[in-house]
Structure formats: C-alpha cells, structure tokens
Amino acid sequence: MSLEPSVDPAADGRANYDYRSDEVDRPALVDDLERLVDCDVRGDSYSRELYATDASAYEVTPMAVAVPESTADVVGIVEYCAEREIPVLPRGGGTSLAGQTVNRAVVLDFTRHMNDILEIDPDGRTATVQPGTILGTLNEALATHDLKFAPDPAWGDKSAIGGAIGNNSTGSHSLKYGKTDAYLEECEAVLADGTVTTFGEVTLEELADRADPEGDLEERIYAEVDRIVDEEADLIEETYPDLKRNVSGYNLDRLVAEARGSELPGGEDAGEPGTVNLARLLAGSEGTLAIVTEATVSLEPVPETKAVTLLCYPDLHEAMRDVEPILAHDPAAVEVLDDVLIDLARDTAEFGPVTEMLPEGTNAVLLVEFYAEDADHGEEQVAGLLADRLPSATPAGEPASDAPRSDAETLALEALEAYEKAERAQLWKLRKSGLPILLSRTTDEKHISFIEDTAIPPENLPTFVEEFEAILEAHDTYASFYAHAGPGVLHVRPLVNTKTEIGLEQLHGIADDVTDLVVELGGSVSGEHGDGRARTQWNHKLYGDELWRTFQDLKTAFDPDWLLNPGQVVFRDDDPTDLREHLRFDPDYEFEAGFEPALEWENDNGMQGMVELCHGCGGCRGEQETTGGVMCPTYRASREEITATRGRANALRQAMSGDLEPEEAVSDEFVEEVMGLCIGCKGCAIDCPSEVDMAKLKAEVTHEYHQRNGATLRDRLFANVATLSKWGSQLAPLSNALPKLPGARKALEATVGIASDRPLPTFRATTFRDWFDRRGGARVSEQAADRSVVLYPDTYTNYSHPEAGKAAVRVLEAANVHVTVPDELGDTGRPAFSKGFLEKARETARENVSKLAPLVEEGRDVVVIEPSDAVMFQLDYLDLLSDERAERVAAATYGVCEYVDSFRLDETIAFDSDGAAESLTYHGHCHQKAVAKDHHAVGVLRRAGYAVDPLDSGCCGMAGSFGYEAEHASMSDGIGEILYEQVDASEGDRVVAPGASCRTQLEHRPDTDENPPTPIELVAEALE
C-alpha cells in the first residue's frame, strides 16, 4: 500500500512549476548524488528553505534535500556523504517539536516515496512498514483487522513511523500502551558508512560473539552495546528516572532491563533475562545512530468501547492532587486543562459551546477515559471512579464491589459523563482545544515549545506545578498547563519573545531552572517530544558526567565521524548544542514585506503576524482518508512540501525575512511555484491549528505582483467574468456554439491559456433576473410575509444556471418569504478578489454595500445561492472595507440553505413524503466549510425527506478559475481524483453540490453524464 499520487501534476507538459527554484546552492553535490542514486535530489533555494524548519522554534538551512525511493538510494547517499564528511538527517513528517529534524545536512524525506505498508500479519499482530508511513494511514489499514499501532501521538495522522521511532513517541494513552520502543520488533537500518543491517532481538551470547572493538562498524557497535550491558548496567538502573514516560537521552534503561529481565521504569515487564532487542536502542535516538529504512512493529487490538468522565475543579492545584488516586482506577488516559486555556476556549466559536457545559467555578478539568469490554463495563468503571473521587455524583452505572477507594479528600466540584462516541468526542474536543488556541497568537510573543513535556512522577505533580509557576513568575512570564496528567507529562509552553535578548535569557533561564526542578523531583526533561536542539544540553545535568560520556561513546561507536544528525541527544564537548541558537525568530530577525498591505488585517502585527503565524505542525499534510477536512488539496494531490500550507507559509516568511533573495515574494518564479499553486480554498483558515489564512495572503501577494508587473489577459478576463457572462448571455446561443468549432478550444489554450479539455460555462439567453421579472416579481407580498429577503443574482446563477435561482424562489416563497431580485447589483467581486485585483474587488464591494445596506436597515436579509459569493459578503468584504455598513451586510447575509436552516423555514413547508426517495451524496463547498456553514444544506435536505451521505471532502480542485488554467489543469485533476474516489465509495444514488466549480468538476468525473444539481433544487423538487 502506497500513498503515491497516481500521476505527478508537474509531469503535464503545460505545467509551469516543478516544486523548486532555479537557484541551486551546491550544484556539484546535487549532480554527484543524482548520478549515484535513482531518486530526486534538490539543492535549490526553495527546497532547502522548506526543510529548514519543523514544528519547533528552530530553523537551520540544510545543504540539500533528497527524496529516496529505496534503501539503495539511502545507501548511495550515506556512502557519498561519509566519504566527504557531510552530515545526513533522516526526516519524516517534520512534526518534531524540539528541533531534531532540522540540521546543516543532506535531509532525507521519507514521506514522499518510502511510505509503503509492506505487510500486515493479523494473526501474528505485526506490520512491516517503510519509515515514511503515516501512523494514521497505518491504523486505517489495520482497522479492518480490529488492530492498531498503539502509541498515539497527537499528530499521528500527519507524522511518520520513522519519526515515531526516532522520538520514541507515545500519546494520551501511554498509561495503557507505553512508548514506541515496546512495539519495535525489528528494523532494517543503514549505518553511518552505508552498511545495511537488521537489528532485532539477540541473546547476550550472540551479542558478545558478534562484538569486536577492532572490527567493522557493525562489530564495533555490538562491542559497545556489550560493554554498556556489562559495565554500566548498575549506573543506568540507579540514574534513569523511574518513569514510563522518559525519552531523554539514549534508550539504555530498556537495554539493561531486557538484559537483566528486570522491571522497566513505570512497571512494564521486560521479559525473560538474557536477550536484548537492538532495534529498540534506536527508539528515541533521533536519527543519530542509524537510519531506519524498514520496521516491523507489533500491534494491539482496538478496544471494544470507551467511557469518559470529565472531572471539574476550582483550580489546577486541586486537579493535580487528584491525579494519583485516580490512577488507582486503571484509566486509559488522564488529561488536564487549566484555567488559562478554559478561559481562552470560552472566547472561541469552535470550543466555546463545549465550555458552556462546565459548572460555574470550574478552572481546571481532568478528562478520564476508560477502555471497556462493553457499555455496561464502561459505566461501571466511571461509577467506581466517581464513588471514590466525587461521592455526591449520581453516575449512570453502579460501581464494582472491588472498585478502589482512597482516603484522599474530595476535590472535584462536579463530573460530566460520556459513553456514546459523539458525546466522548465532544469532551475530548475541549481537551484538544489547548494547542490550537496557544498557536493562534500573531504577536511577537509566542508560546514556545522548549520545556513543554517534562515528565514527573504523578505523586509529585502538585509540587511540580507550584514550583514551576514560581519559576515562571521569577522570569516575568506565564504559561498554561495541559495534556497528559496521568503519566505526569504536562505540556507547559511559556510565553516568550525570542526576537529580544531578554527573551533569549528567559528561554535559557526557565529551561535551566525547570531542569533543576525536574531532577529534584525524580523526573525527566523530556517525556514525549524528544531532546533535539531544545533539550539536548540538559541531558548532561539529568544523567551526570559518567552517563554523558557513555552517550558520547555509544554515538561514536555507531557514527565514528558524528555525521548522523549531529548535535541531538548528545554533543561533542567542543561543539555544544545551545537552545538559544538557530531559532526561527531571534534578535537578528528582520521582516520586510516590501509593500503595504491592501487588505484589512485585524490580528496582532497585521499581515506580518499572519506571515509568521505558521508554527510548522504539518496539520496541512494529512491525508483525506485519515485527517479529512479541506486542507491542503494541492499537497494531497502532489505530496510535495511546497504545496502544503506549511510550505507556502514558510517560503513566504523566508522571502520576507531575508532568507531568500530580496523581493523574491513578488518574483515570477515565486508566484508560479509557491503562491500560484494555492487554490484559495480557505481550508487553512479553519483546519490549520493556527488558522493561517493563506488564501488572504495569496490575494495580497498577487495584488502586489500585478501592481509591479501587470496582469495577463487571462487574469483580466477571469477577473471580469461577470461582464463576459453578460455578453455570453446576450449572444446566446451563438456564444455557446463558438467554442465548439473545430480547433477553437486549442486556439484558446494556445493564445489565452484556458485549458482545452475543460467544458466552458453555458450561457442562457433568458437570465434568472429575466425570469423573475417576467413572472411578475414576488408572489408573496411584503406585508403578508414572515420574512423579507434580497435574493442576490450571482453571476453563475443569473447567466448560466437560473434553475438554482428559480428553485430558491420557490422554496423561500413556500416558507412565506417575500423575495426581491434587484436589477442594479453587479457581481460580488469574488473573481477579482481571487485573482488579486483587490482595488477592483474593493470598488465592487463598496458599490454593493452602498446598495444593500439600506435594504438591510429596512429589515431585509441578503440570500446568496453561490457559496463563494455568500462567503465573499460574509467574510472577504470585511477585509476589503473598514465599514460598519459592510459589517451589517455581512451579518445579514446567508447562503440559501443556511438561511432556510438558520430560521427553520422548512418547518413551515409541506414536502411530498413520497417525492424524495433518492439517497444523496453531498459534497460541500470549501468556502462554506471555512466559515463553518456547510452543514446547513445537509439538515435541510434531510428534513425534506432525503437520505444524505455528507462527504468529509476537501476542495473539488476547480476552485473558480484554477481548473480552467492550462498550467494548473493537471493539479486540478489530481485534486478531483481524490473527490471522485470518495463519491465512488459513497452509497448515495445521486451527487449533489452547491458550488458551480464543484459541479463542473463532478461533471468531469469518469463514467458520469450528469451535472449534479444544487441542494436547493432538490429541496424544491420535494415540495408538495
């Protein structure tokens, strides 16, 4: 199983992009490697800068980027680099939070090609995978066998198995499952000299037999491991913290526990003595010991069901005191959220409704989840917990007679229970609100990840929180506390401005003081996210001089020249790693956009704040099947970093901060390779944890590009599509016949660049406005009506698809709504806005607002059929106009199904109970999804009598004019294929979609001859 796109969009001869720049920094290095290996090697400025960052606060530009397709490619690259002392860095999804996947090295991106699931053995409960396999994709494939890869890092649907091994990852359910090392059975690895070997379980006798301190590299590795087991075991057992969640340093505590058959930290059984698994020594090594090219992992059964309770507390300290007694009830997860995040969540549209469930006085919550054999068992476990920790509660079930009881005082105020999947998801949603809220800051101060995953014995959490707060106060800042309270891993991200010298000192001072506190309380510097650039220097303090030298010796045995991701986990004494170096934002950082923004930017730091907002988590790199949502369509079609929102955001920031050439952001190449491949779907505005608005940024950059370089004829035609449509309607049917003449479409592609294989819109001689006027206008008088609306005659509805407008009138009038269709309104300005003609869009917006505002003030609502035009009123006008009237118009504007649903107008409509027998597959419009208004059509269709399967789909790929542009047609097709697969998998009889672009793309679907109807047309069909 592979995630390769069926066809690379850039392979189309019309494509004007190849995902890279023309400027190559080390052409000789790139040429040499490309002669040696069969894979793509890139040394251009764009590719190097794209891989300079990950999800951490760090930035280091690599020497080159290679995209291996096989182990042989890895061998060739490593051998070449070893001979020339060039560092090599293996990389998965780039979701690391400590900076371990950025380095001055040749970066190997395994996620592009080496992402196959090679074998699944359900009977043996194992899977063999390549390192670029995404965890979510693996679990999707395992679901049919009721199995899963148990460690569940938060970004598992975007992070790779190679990264999970490198970080020794885990997640919310580590209380049950532990870390990745427990599931790593065997791995194929390329050593520092290019040797390919397999690491797995060996007896101590075999280890000694294969050891030779003077032998080849593999024999020297065995010799050093054998020495550590013989000579360092007692020190390791004494020094390593007794924690299930410790990923600081090398994984020597597991090595010793397996050799001796002793209990692992945290209570895990290490098995019989006398054997060690050397594959597990690579877990947590962050690519510094060897490069994993294949791994066999063991699997766990999926739980039958789950049960959740949310315990509410007056403050964080009470919640922390309750963790230890809760653990006696054997939960699968215990997660915490503090008052800072709860307060912030209350002010968000997405998470605010969840906080309303909390009782008054709640300033901290513990989410406790149980795995259960069945629903009754789940209720029993929750009841047992509440009988112990909140005796005043009346749970749904009865506790077991042997449920644990604690003498600790009752601290919780109240508890919520959830047993159904949707109810559990709602409570988890509150817990997961933490990171998105923290990452939404556009100020210079950021919640930095540098000391955010310390691990503390749970019984010491109350002391730890109190002392940590004192440290923050001493350094004049604050943080929020959230995440994995059960295993003692609190995520704490202090607010720091690393663009100042004071901020750098805060960074170092807080980390130093917290490390002292961690050591004092028997904890670990990293319980989840690894060492990297943020925490490597503290391993010396955590483990002491002797084990620090052991780390150095182990590193040298595996990697004699220290070329594999040097500086992580351990460093040479003469080349220390300092968490203050190589920061993305430091006192030398300068931002210069090169132009004044044309749009309104209400966020802190304006456009600069938005450009700098992406923190690199890779949320835009998820697959449609596992992540869902809208973003990022071009990444899903190409799997190229530059086409993800993260790639574009990083490239734009680097272009505006001097990492690329001056004024690179408005160069031809940048616009074609970076901004031009953004389809403006707005998915990132809702699906990105930080809500990076790349569509808006694209509009700004494209506008400035036009200002400096002019615009093409095609761009001007698309920006004025309303005028073209008006002429097309007046000249119909001649205008519809001309493109069908032999050679006409090829000539149009050759001269203007409009793809010859795309069907052009058909124009109607009788427009929607004409139809409305000829029928005599409104048939429900304003005096008799319950509501009054202006039905906006958008360009597509008016000139090409009046059936949707007619249906809207029928439905609205059936609900006793007075409808007017004004003559004097033009287009919304959406085409001009999307093509970067912002002044033209602003002029259009101003004219429309001036005409609509008085009608709104009279009490009329504005209803729009085309989704992108509705969102233009609701959202984009606010970016174009700083105008209270625009705000009033925006607030009074609705999509047509949104309007029917919001005011429950369909409850007064009589539907034919026998008329809506079809089942529907519903594909929503990306712009409506971006403003969380896509669900309305589904509700209305269901109440009209239809069975509806709403797809969790992304953008269709047409994206207005994007799919018509010859150079982008193949990318549009690639995005469309993803949607087609979802439609084919749906059981609906008929496809329905509200957007003109969506329906055009779906009409292009193989083996279909229908242009899908809009939802409102089907609602009209269901009327009695």
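What you see is a predicted model; the values in this text were computed from it and never measured.
Rounding to the nearest 0.5 angstrom, the gap separating the CG atom in Leu175 from the CG atom in Asp330 is 8.5 Å. In this structure, CZ on Arg621 lies 12.5 Å from CH2 on Trp155, to the nearest 0.5 angstrom. We find the CG-OG1 distance between Leu142 and Thr144 to be 7.5 Å, quoted to the nearest 0.5 Å. Summarising the geometry, atom CG belonging to Asn277 is positioned 8.5 Å from atom CD belonging to Glu186; distances are rounded to the nearest 0.5 Å. Once rounded to the nearest 0.5 Å, the distance linking CG of Leu282 with CZ of Phe199 reads 6.0 Å. In this structure, the separation between CD on Glu520 and CG on Asp516 is 8.5 Å, given to the nearest 0.5 Å.
A pairwise comparison of heavy atoms in Ala479 and Val340 identifies O-CG2, 4.1 Å as the closest pair. Looking at every heavy atom in both residues, Leu184 comes nearest to Ala295 through CD1-CB, 4.1 Å. The two atoms that bring Phe464 and Leu517 nearest to each other are CD1-CD2, 3.7 Å, heavy atoms only. Taking both residues in full, the closest heavy atoms of Ile134 and Gly156 are given as CG2-O, 3.7 Å, listed atom of the first, atom of the second, then distance. A pairwise comparison of heavy atoms in Val489 and Asp453 identifies CG1-O, 3.8 Å as the closest pair. In this structure, Leu255 and Val276 approach most closely via the heavy-atom pair O-CG1, 3.6 Å.
A search for salt bridge (charged side-chain N to carboxylate O under 4.0 Å, His left out) contacts involving Lys555 returns Asp559, not counting sequence neighbours. Contacts of Thr53 classified as side-chain contact (heavy atoms from CB on, under 4.5 Å), with partners at least two apart in sequence or in another chain: Glu59, Arg584, Asn650, Arg653, Gln654. With sequence neighbours excluded, the residues that form a ring pair (Phe, Tyr, Trp, His ring centres under 6.0 Å) with Phe551 are Tyr250, Tyr543.
One N or O on the side chain of Asn251 and one on the backbone of Arg280 form a donor-acceptor pair closer than 3.5 Å. Checking side-chain atoms of Thr170 against main-chain N and O of Gly178 turns up a donor-acceptor pair under 3.5 Å. With Thr128 contributing its side chain and Glu119 its backbone, the two residues share no donor-acceptor pair below 3.5 Å. Counting only distance, with no hydrogens or angles, the side chain of Thr536 and the backbone of Arg533 share no donor-acceptor pair below 3.5 Å. Judged by distance alone, the side chain of Ser690 and the main-chain N or O of Leu439 form a donor-acceptor pair under 3.5 Å. For the pair Thr133 (side chain) and Gln130 (backbone), a donor-acceptor distance under 3.5 Å is present. Panel note: side chain Asp121, backbone Asp123; a donor-acceptor pair is recorded below 3.5 Å. Side-chain atoms of Arg245 come within 3.5 Å of backbone atoms of Gly171 as a donor-acceptor pair (strictly under, hydrogens ignored).
If you run side-chain contact (heavy atoms from CB on, under 4.5 Å) between Leu366 and each of Val336, Leu310, Thr309, only Val336 comes through. Each of Asp531, Asn565, Asn167 was checked for a side chain to side chain donor-acceptor pair (under 3.5 Å) with Gln100, and the lone residue meeting it is Asn167.
By the 4.5 Å heavy-atom criterion applied to side chains, Glu188 and Val292 are not counted as neighbours. Put simply, the side chain of Leu495 does not reach to within 4.5 Å of the side chain of Lys446, judged on heavy atoms. Put simply, the side chain of Gln552 does not reach to within 4.5 Å of the side chain of Phe571, judged on heavy atoms. Side-chain contact check for Leu367 versus Val308: some heavy-atom pair is nearer than 4.5 Å. With a 4.5 Å cut-off on side-chain heavy atoms, Glu469 and Phe481 count as touching. In this structure, Val525 and Val514 have side chains that are not in contact, with every pair of non-hydrogen atoms separated by 4.5 Å or more. Looking only at side-chain heavy atoms (C-beta outward), Thr454 and Val492 stay at 4.5 Å or farther from each other. Within the 4.5 Å cutoff, no side-chain heavy atoms of Thr288 are placed close to those of Phe558.
No side-chain donor-acceptor contact under 3.5 Å links Ser169 and Thr180. Looking only at atom types and distance, the side chain of Glu185 has a donor-acceptor partner in the side chain of Ser298 under 3.5 Å away. Using modelled atom types and a 3.5 Å distance limit, the side chains of Asp54 and Thr101 yield a donor-acceptor pair. Side-chain N/O atoms of Ser248 and Ser524 include a donor and acceptor closer than 3.5 Å. In this structure, a donor-acceptor pair under 3.5 Å is present between the side chains of Tyr313 and Asp322. Between the side chains of Tyr177 and Lys244, no donor N or O sits under 3.5 Å from an acceptor N or O.
Using a 4.0 Å cut-off between charged side-chain N and carboxylate O, Arg112 and Glu641 make no salt bridge. A salt bridge does not link Glu300 with Arg125: every distance from a Lys NZ or Arg NE/NH1/NH2 to an Asp or Glu carboxylate oxygen is 4.0 Å or more. For Arg535 and Glu452, the salt-bridge test passes: some basic side-chain N is under 4.0 Å from an acidic carboxylate O. With respect to Arg91 and Asp109, no salt bridge is recorded, no charged nitrogen being found less than 4.0 Å from a carboxylate O. Classification of Asp512 and Lys541 as a salt-bridged pair holds, one side-chain N sitting under 4.0 Å from a carboxylate O.
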**Report entry** Test log, rule side chain to side chain donor-acceptor pair (under 3.5 Å), inputs Glu335 and His173
**Finding:** CA-CA 10 Å; Glu335 303 285 297; His173 297 92; over 6 Å; no
Query raised in the report: How far apart are the C-alpha atoms of Ile326 and Leu311, what are their side-chain angles, what is the distance that settles it, and do they pass the side-chain contact (heavy atoms from CB on, under 4.5 Å) test?
Result: CA-CA 11 Å; Ile326 289 172; Leu311 293 164; 3.7 Å; yes
**Report entry** Test side chain to side chain donor-acceptor pair (under 3.5 Å) applied to Thr577 and Gln537, step by step
**Finding:** CA-CA 6 Å; Thr577 300; Gln537 73 187 88; over 6 Å; no
Query raised in the report: Going through the distances and angles, do Glu528 and His491 end up as a side chain to side chain donor-acceptor pair (under 3.5 Å)?
Result: CA-CA 10 Å; Glu528 182 173 18; His491 290 343; 3.1 Å; yes
Query raised in the report: Can you check salt bridge (charged side-chain N to carboxylate O under 4.0 Å, His left out) on Lys158 and Glu623, steps first, answer last?
Result: CA-CA 8 Å; Lys158 295 101 179 170; Glu623 297 299 320; over 6 Å; no
Report task. Test side-chain contact (heavy atoms from CB on, under 4.5 Å) on Tyr482 and Asp338 and set out the steps. Result -> CA-CA 6 Å; Tyr482 69 103; Asp338 74 353; 5.7 Å; no
Query - Test log, rule side chain to side chain donor-acceptor pair (under 3.5 Å), inputs Glu417 and Tyr419 - result: CA-CA 7 Å; Glu417 299 173 64; Tyr419 302 99; 2.4 Å; yes
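The neighbour count for Glu466 CD, taken as heavy atoms of other residues, nucleotides or ligands under 6.0 Å away, does not exceed 12. Within 6.0 Å of CD on Glu423 lie more than 12 heavy atoms contributed by other residues, nucleotides or ligands.
Using bins of under 30°, 30° to 60° and over 60° for the plane-to-plane angle, the ring pair Trp548/His540 lands in the parallel bin.
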